[in-house]
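Notes follow the structure.
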Amino acid sequence: MATLRLLPRPAQVRSMATLSPSPTLSQTQHYIDANISSQTQSSQPPRNPFISTATLTTHAFPSFEPTSFASYPSTHLLLPLRRDILHRAVIYEGDSTRQGTASTKYRSEVHGSNRKIRPQKGTGSARLGDKKSPMLKGGGVAFGPHPRDFSTDLPRKVYDLAWRTALSYRYKKGELILLEDRAEIEGVHEHSAERYLKDLLVHNRMGHAHGRTLFVTRHFRPNLFDALEGEGMGREARAEECVDVDVKDLLELGRVVMEKSALERILSEHQTDLAESEKLHSWSKQHRTEEKRESRKGHFTERRAAALA
Amino acid sequence: MRATRAAHQALGLAALPRSQQYVCRACRAQAGRQFHTSNRDLAEVPFFQRLKHQIFGSKESQQAEKSREEKNKQRLEELHKSSGSGSGLGELEVKTGRHGQQYEVAAIVDPSDTQDYVPAQGWDGLERVGSEEWVKARADQGEQYVGFVPKKRVELSNKQWQMLLHHIMVEILALQQAGRAPGQVCYPRNADMYTWRQTRKAAMKSAMNRAGATVSFSDLAAEQFVLQAIPESASTETVQDQQVLINEVEFAVADADEALGWKASSDLSAPSWMDISIKNPSVKMALIKRTLQLTGKRLPDPAVSLSTTLADLYNHLQLKEQPKKLAQTPQMQRIKLSAPNVKVFTNRQTPIHKEKEIGRWKIIEEELVRRDLPVTGSRWQGAKSGWQ
């Protein structure tokens, strides 16, 4: 940012009006340096002091060996539990998933004549119109279902908050396991993959006896998905791509094993309710800058301590 | 001739686009008659003769059976010759299948030869062949899953946890002091390089500066032994011996009850030596990884995230005393605070409690005693004998 500098004043014009004593050039420059320059230099808003960090352990697959730590802001993984928002999101997803194909025939749609079955008066029985009346056998259904769209609307920001609330809930319960790399079974023959995956789930206590597991992947993983298509594998675990996963899926099974890239994709897609500075990419940039600053401070302090010693 | 012409017409009708919407019943039946689902050659052999052949056998089938028996006899003779004397049930021939798996060829047993051969009366104990599981098991290549977490989870008492954490932390700090990566503590080790004797006598001290905590061993040889026991590199082919890990835990927590008094604390609070900072990500990772490798205990991520000292980690790992009464659980205690009009009792409230509360009980009791009546329960023989 270029510093503000005053240009030399033009020659003063004499007038009849009484003027207050004008400030000198140096005084004005001093004022600008003290107030205006500093403001223009730091035009970014101050860092939100209420945002803390949620740290997750990333694991290798399939051994589930911890490899490193990954940090995310509290606006994404430390949200308070809002059951009402989760409920709204689950209902919204259920509604939009409904096929809505149940169909019955109204009395006007039933095949038949409109002829009056018996005369209005004189028969001694109740008056009847055509044979398609809902009161008669073979007639139409009075207020029966018709194919329609059951989808409802939910504000995008509320839905995004629900996504992050569900992930936060899973994180807080310790049921969100992050994978460093792809969740793919490699080096195992297709005929052994099912039994191998079952052994993996039993060994790591992730199978049916421990509440089942949902694997969430960034892209389609052929070996993993094929292994879970076997008969009886649905009661052990499920696998979904991150674009196909719902809030309900995240809350349904015992735990969620997610690829890091899938988690970052989901968090990036569902943050419309946050300000630009609170979004994941901005936070990551800031976090990395701060970490570098801290590590440099630490090195400087150690060098200074060593020098003094 | 007529049949082929009719068949050709029927096929033509089916192949050409429908010019007419309606096909009469006779034409439909004719089209249906022209198609045969069985083998036309068999029509030459009469039906009952075919049945007779199936039940009693034809010349061809009898000849085939004779040739099969002769082949079997030849194989048995060869088997007798190759094995010399004996029943011929020696080592079975091993063949390699299509996918590389090996299987044994079934032995040929001559019933007249083996005296102890008894034909099975039922299917108990016999090998079942041909089910879906059997097919899957045969197709399976046999790759075994090897996980990082041990198969059996180790349950430790609070004192044992303290000793184990001490052992792990000493090793990590020793590596850090030697300028090595703390993550090397998880590398597979040799069975004869247990370091529990050296680590138990070591003392850790937390430092105020950013250098972190320090560890001091009883002598230099002990420190050297610990550093030598932990390999500097681990190849991907080296498999972790589970027995070595089990032994390491057993040795590290041995004699926990008579643990060194100044180190292990008997109450739930963490001992003072546990106030060592684990903010360094590599130290924290090495600590939780080694704990997971040895005990199978996986700490939840929020607990790991919030732990800044070893004492915090210990507080999450230790076994907390479970409340014996529902009224002592934290949920019930919260009700006491959040709803002051609600009373939580540890015992079932009886009418006697209500009377005691209003102060009438002493009068009732006195009067009952005066009239020689039972205060609680009944003297009647058929009455329920109290809550015994």
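Letters A, B, ... are given to chains in the order of the sequence lines, protein chains preceding strands, and every chain is numbered from 1.
Between A:L176 and B:D301, the shortest heavy-atom contact is O-OD2, 3.6 Å. Taking all atoms of both residues into account, the shortest heavy-atom contact from B:P300 to A:G174 is CB-CA, 3.9 Å. Nearest approach of A:H203 to B:V149, heavy atoms of both residues: NE2-O, 2.6 Å. The shortest non-hydrogen separation linking A:S192 to B:E143 is OG-OE1, 2.8 Å.
Looking at B:Q293, neither its backbone nor its side chain comes within 4.5 Å of chain A, counting heavy atoms on both sides. Both the backbone and the side chain of A:D199 come within less than 4.5 Å of a heavy atom of chain B. Neither the backbone nor the side chain of B:L299 comes within contact range of chain A; no heavy atoms are under 4.5 Å apart. Looking at A:T53, the atoms closer than 4.5 Å to chain B (heavy atoms on both sides) all sit in the backbone: N, CA, C or O. Of the atoms belonging to A:E190, not a single heavy atom falls under 4.5 Å from chain B. Contacts of A:L197 with chain B are absent, with no heavy-atom separation under 4.5 Å from either backbone or side chain. In this structure, chain A has a heavy atom under 4.5 Å from the side chain of B:L292, while its backbone stays farther away.
Listed by sequence position, A:P62, A:S63, A:F64, A:E65, A:P66, A:T67, A:S68, A:F69 are the residues of residues 61-84 of chain A in contact with chain B, using a 4.5 angstrom heavy-atom cutoff.
The backbone N or O of B:A137 sits nowhere less than 3.5 Å from a side-chain atom of A:H191 that would complete a donor-acceptor pair.
Heavy-atom neighbours of A:K248 NZ from other residues, nucleotides or ligands within 6.0 Å: at or below the threshold of 12. The number of heavy atoms from other shown groups lying within 6.0 Å of CZ (B:F148) is above 12. The environment of CZ in A:R88 is sparse: at most 12 heavy-atom neighbours from other residues, nucleotides or ligands sit within 6.0 Å. The number of heavy atoms from other shown groups lying within 6.0 Å of CD (A:E231) does not exceed 12. Annotation for B:H99: atom NE2 counts as buried by contact number, over 12 foreign heavy atoms lying within 6.0 Å. Residue B:E132 places its CD atom among 12 or fewer non-hydrogen atoms of other residues, nucleotides or ligands, all under 6.0 Å distant. Within 6.0 Å of NZ in B:K289 there are more than 12 heavy atoms belonging to other residues, nucleotides or ligands.
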Step-by-step side-chain contact (heavy atoms from CB on, under 4.5 Å) determination, B:Y145 to A:I185 = CA-CA 11 Å; B:Y145 171 73; A:I185 303 168; over 6 Å; no
side-chain contact (heavy atoms from CB on, under 4.5 Å) evaluation trace for B:R298 with A:R205 = CA-CA 11 Å; B:R298 194 188 291 273; A:R205 294 163 199 258; over 6 Å; no
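The distance from the OG1 atom of A:T55 to the NZ atom of B:K284 is 6.0 Å, given to the nearest 0.5 Å.
A heavy-atom distance below 4.5 Å is not found between the side chains of A:R195 and B:Q141.
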